[in-house]
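Heads up: the structure comes next, in structure tokens.
Labels below follow one simple rule: chain letters A, B, ... track the order of the sequence lines, proteins then strands, and each chain is numbered from 1.
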Amino acid sequence: MAEKTLPPVDAVVVGAGWAGSIMAKELCEAGLSVVMLERGGRRSTAKDGAYPASIDELEGATRYKLFQNPAQTTVTVRNRLDQEALPYRRLAAFLPGEGVGGAGLHWTGVHFRAMPQDLRLRSHITERYGKTFIPDGMNLQDYGVTYEELEPFFDRAEKVFGTSGEAYTVDGKVVGKGNPFAPDRSDDFPLPPLRDVYTAHLFRKAATEAGFHPYAMPAANASHPYTNPYGAQMGPCNFCGYCSDYACYMYAKASPNVNILPALRQHANFTLRSNAHVLKVLLDSTGKKATGVVYQDAEGNHITQPAGLVILAAFQFHNVHLMLLSGIGKPYDPHSNSGTVGRNFTYQNITNTTVLMPPTRSTDQFIGSAGGVAIDDFNCDNFDHGPLGFIGGSPLWVNQAGVKPIAGAKATFPGAPRWGSAWKKQAVDTYRHAFTINAQGSNMAYRDVYLDLDPTWTNVYGQPLLRMTFDWKDNDIRMNRHVVSKLDGVVKALGARDVHYSMREPGKPFDVRDYQTTHLCGGAVMGDDPNTSALNRYLQSWDVPNVFVVGANAFPQGMGYNPTGLVAALAYWSAHHIRTQWLKGNGGPLVTP
Amino acid sequence: MTDAPHTPRRPASPVSCAKPAANISAAMAPLSLPTPDGSPAASPMTSSKTNAPVPSHVKQQVRGVEHMAHDAAITPSPSSAFKPKRRRVVQGLGTSMAALSLGGLATQTAEAASSEQSPAATAQHQEAGTSARFFTAAEFAFLTAACERLFPEDDMGPGATMLGVPDFIEGQMNTPWGRGEKWFMSGPHRTGPDNLGYQLPYSPRQIYRIGIAGTQAWVRQQHNAPFESLPSTTQDAILTALEHNATQFDALPASAFFEQLRSDTIEGAFADPIHGGNRHMGGWKMMGFPGARADYMDWVDRYETPYPYGPVSISGETG
Ligand SMILES: Cc1cc2nc3c(=O)[nH]c(=O)nc-3n(C[C@H](O)[C@H](O)[C@H](O)COP(=O)(O)OP(=O)(O)OC[C@H]3O[C@@H](n4cnc5c(N)ncnc54)[C@H](O)[C@@H]3O)c2cc1C
Ligand code: SF4
């Protein structure tokens, strides 16, 4: 193993997913020399999305071909402070990405903005229900940035991603049949919504009958051919049903690989190094300034890349891990509720209800995309929480991303046969005639839910694994149960033969064995107070001002929506302030506490 | 570090049409429990990890069984005499080509080709590493019988044997996944509540080696005969007992072995046939899954008409 130091560059970006690619593009446009380091291999649609080999359920969604290999590095998980955390040895509950494009190559593409109330949730809840409404032990916080400030960046991200959707209002005027709860927009979506698949169409009708407000889900799947502002082209989505876990062979799903990297590669001042696993950020003797990063290359050499600006964009929990390993910011201590790195770790609170239609109706669940039909009647604070006594909400939707037979056959209902002829019969019946309605809800932040370094297990680089302490709490269990119970009317209107409601069960802990989502959030959150946030409102570290940390780690608590639309908008927001303020200043903090 | 190990896209060995019958007689010497590293203590077919010298007559006998099994005539199922109806291999290519953008893609592809193993090289590599079968003939007899009970032939469609599920599982044993290279296997290995997930020190190969030997020893104690020779109702009762974790083999709970078997059986029945199972797409036909068609542009909103076309596999087989 050799040690080597490379010539310095202006900026180093850690991670080649959405966050890293956006930041690298913006910094290259600003004229900086940029090195982007990605621990995984080179990936491209041409290679990893090549039809038909790419749409192989065994390799894709079952053996996790495109995901992080936990043999290299993983996390440990426990539910409570008094437990020993154990390694997450097999991928299941969440599936971190790896390789050029990150999880952006194999995400689904549901592309939401954030609700204005979600971005200032503590203020909003306090204003509407009073401070005492916030339960003990909940670290409810504001983002420190408003919807109005972020709007141009949400718009920018949608145009880069080629997002299909239907607006409700633009500049205060009703323009379409979009989500009536959605905030105002400065422009319509760049593409019209995807067509409803059959099950989404059924849900739309039934939800209308039940008195709710269905709308077409915004999706970064191109409903028509599209050229984005970078000149990158997308083909039209053909509803192949291989969005989640696969690269899109139609070039129709937005990915950093299709939508940004082709343009980024045109910059002479851009360098991408794959198979470069960043071990830590290097700080000078004051501990207040980063001097670059050290990474391990494919041959096991340790390479130092000096840089004037360090962007961490390695994904939510990898960002937190790198901060803890590098000594950036004060690690969070759940006992004293002090320190910021690891604080406010959250997840997404999702349960999936299965509706069985009469045998005369084929639900064709293999047809799919990131589109679908949703209702927001029970999302965010769109309903009165006063009498309910919990905070948060869930959209409800049919987001049929294509059910393949291995996953379809493995899923069974509690108490139903799991093998043999009786099971076979039921598996076929369910596959042909059922569909799923998801309640994808928010997850609040709690004092004893956090991230730190594990005392026992290490990764192949000899570093302590990140430890997750996570469990479902009463507030979020009650929220989920309340929202799922609202499906009754929809199910009746559907004329369903049977329904299997799935809800959070009180006392049933977070289970790493069931796939839920990879929408992990928080751990290095943004905010206005350096005592409760690791980053200021521009995603700049309060402690080391030439480090910016971009990703869902910045969310102070979870929201009902999927995270990537907000991740992308925050990346453009942060980059804008680096370009217009930080680069023009002395490299210090953009906010004085 | 290097990239994550390449996961072979193809089964370990070209899958032959002949396969061991489900009820190979148990002419083998009783198996003893395997060693902790998962190698069978008296496994005649694994040359490298055999602890005890195997008497030559046992080897003979086992080879005989294998040979017989492979020669055993299997009545072709109706589905194996399939006639290709329609080939639709490259779909959407026009659009994909149209999507090439900025000239960047060409560079990307060239870079990819130089920085990664080419598919041909990968295939060669796999061929080279696959000559040895993982399961012994006796293990394979158990596997075949157990998979068939989990996924029986019935009026819904073919069973595990006809679909080639045991061959699929054999193939999977010779992949990085089978060797545990896609799981975090570092110690210490401690136990905890089930909801914190798999904590055993075993790879899939070891789960099978230990689980099959343990089950057979357990079954012999009770029935004085190997699993595969028992009536199906008894086999079902044994599988139910494993599912409900009635016993433990070394550190391996019976239920962990059962879950592996169930999960792999389902995968073998429904994975693309290039992996050795789902023969002639029999699993897909039963489920109504069109396989690699993956183009529903013209069906997405024909709401009252079920999708009409049969499946296509990755290799272009139609059904
Ligand atoms: C199956 C799936 C479906 C999803 N669907 C949706 C959806 O529909 N809508 C939505 O909004 N979100 C979805 N998500 C989440 C979405 O993928 C993420 O929010 C998004 O990709 C995050 O982007 P990122 O750039 O922060 O991280 P990533 O895309 O994960 O990129 C981070 C990159 O950093 C690299 N890296 C990590 N550590 C290091 C290191 N030490 N050194 C060098 N490189 C490193 C990683 O290998 C990775 O490539 C989905 C996720 C998955 C897995
Ligand atoms: S459903 Fe559409 S966007 Fe998704 S992978 Fe298929 S073609 Fe691409």
Side-chain angles (χ1 to χ4, degrees), chain A residues 41-42 44 46-47 52-53 55-59 62-63 65 69-72 74 77 86-90 195 197-198 201 231-235 238-240 242 249-251 262-263 265 275 277 296 298 362 364 366-367 405-406 409-410 419-421 424-425 428 431-432 457 509 511-513, chain B residues 1-4 7 9 92 95-96 98-99 101-102 104-105 107-109 111-112 115-116 149-152 154 156 177 181-186 190 192 195-199 236 262-263 266-267 270-272 275 283-284 286-290 292 294-297 299-301 303 306-307 314:
Chain A
R42 298 267 157 156
S44 65
K47 179 165 71 72
I55 53 165
D56 179 341
E57 189 189 8
L58 184 74
E59 293 296 349
T62 316
R63 297 285 181 263
K65 183 176 70 161
N69 184 351
Q72 307 277 327
T74 183
V77 183
L86 294 173
Y88 178 54
R89 295 181 180 277
R90 298 178 181 179
R195 286 176 284 164
V197 299
Y198 179 48
H201 160 80
Q233 293 181 44
M234 300 170 82
N238 70 4
F239 301 89
C240 81
Y242 288 88
Y249 78 91
M250 292 291 288
Y251 292 78
R265 287 201 170 89
N275 297 310
H277 186 103
Q296 184 167 321
S362 289
D364 289 350
F366 46 84
I367 299 180
I406 294 175
K410 278 186 184 174
W419 51 278
S421 278
K424 253 177 106 179
K425 209 168 166 158
V428 172
Y431 191 73
R432 289 178 182 257
W457 282 273
D511 194 325
V512 303
R513 296 169 301 175
Chain B
M1 66 167 275
T2 56
D3 271 356
T7 309
R9 288 169 172 279
T95 351
S96 306
S101 54
L102 290 167
L105 219 51
T107 335
Q108 224 172 303
T109 319
E111 272 174 24
S115 66
E116 312 268 328
R149 290 318 303 156
L150 295 176
F151 202 105
D154 56 19
M156 296 300 295
W177 174 83
E181 291 163 18
K182 302 200 82 178
W183 295 351
F184 182 75
M185 297 294 283
S186 307
R190 296 191 182 147
N195 70 296
L196 296 184
Y198 185 77
Q199 297 301 331
D236 285 358
R262 172 180 182 270
S263 172
I266 292 175
E267 288 167 17
F270 296 117
D272 189 278
H275 299 288
W284 288 353
M286 187 181 88
M287 284 291 251
F289 176 63
D295 171 15
Y296 307 108
M297 197 66 130
W299 279 98
V300 59
D301 46 11
Y303 295 146
Y307 186 75
I314 287 176

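Residues meeting the side chain to side chain donor-acceptor pair (under 3.5 Å) test with B/Asp236, sequence neighbours left out: B/Arg149.
B/Trp177 carries A/Arg63 over the face of its six-membered ring, with the cationic atom under 6.0 Å from the centre and within 45° of the normal.
The OH atom of A/Tyr431 sits 6.5 Å away from atom CE of B/Met287, with the distance rounded to the nearest 0.5 Å. Separation of atoms NZ (B/Lys182) and CD (A/Gln72) is listed at 11.0 Å; rounding is to 0.5 Å. Interatomic distance, A/Phe239 CZ to B/Asp295 CG, rounded to the nearest 0.5 Å: 10.5 Å. Note: A/Thr74 OG1 to B/Phe184 CZ = 7.0 Å, rounded to the nearest 0.5 Å.
Among the candidates B/Trp284, B/Phe289, B/Phe151, the residue making the largest number of heavy-atom pairs closer than 4.5 Å to chain A is B/Phe289. No other option in A/Arg513, A/Arg432, A/Lys424 has as many heavy-atom pairs under 4.5 Å with chain B as A/Lys424. With respect to chain A, the highest number of heavy-atom pairs below 4.5 Å among B/Pro290, B/Gly192, B/Gly197 belongs to B/Pro290. Chain B forms the most heavy-atom pairs under 4.5 Å with one residue out of A/Glu57, A/Lys425, A/Lys410, and that residue is A/Lys410. Contacts with chain B were tallied for A/Thr62, A/Val77, A/Val512; A/Val512 has the most, counting heavy-atom pairs under 4.5 Å.
Under the 3.5 Å distance criterion, the side-chain polar atoms of A/Arg195 are matched with a main-chain donor or acceptor of B/Met297. When atom types are taken as modelled, the side chain of B/Gln199 and the backbone of A/Pro87 share a donor-acceptor pair closer than 3.5 angstrom. B/Asp272 places no side-chain N or O within 3.5 Å of a backbone atom of A/Leu58 that could act as its donor or acceptor partner. In this structure, the side chain of A/Arg89 engages the main chain of B/Ser186 through a donor-acceptor pair within 3.5 Å.
Looking at every heavy atom in both residues, A/Asn69 comes nearest to B/Trp183 through OD1-N, 4.3 Å. Closest approach of A/Pro52 to B/Ile314, counting heavy atoms only: CG-O, 3.5 Å. The two residues A/Asn238 and B/Ala294 have their closest heavy-atom pair at ND2-O, 3.2 Å.
With a threshold of 4.5 angstrom between heavy atoms, A/Phe366 approaches chain B through its backbone and through its side chain. Interface residue B/Met286: backbone and side-chain heavy atoms are both found under 4.5 Å from chain A.
Considering only heavy atoms from C-beta on, A/Ile367 comes within 4.5 Å of B/Trp299 through its side chain.
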- B/Arg190/A/Trp457 under side chain to side chain contact (heavy atoms under 4.5 Å, CB included): CA gap, chis, key distance, verdict: CA-CA 11 Å; B/Arg190 296 191 182 147; A/Trp457 282 273; 4.3 Å; yes
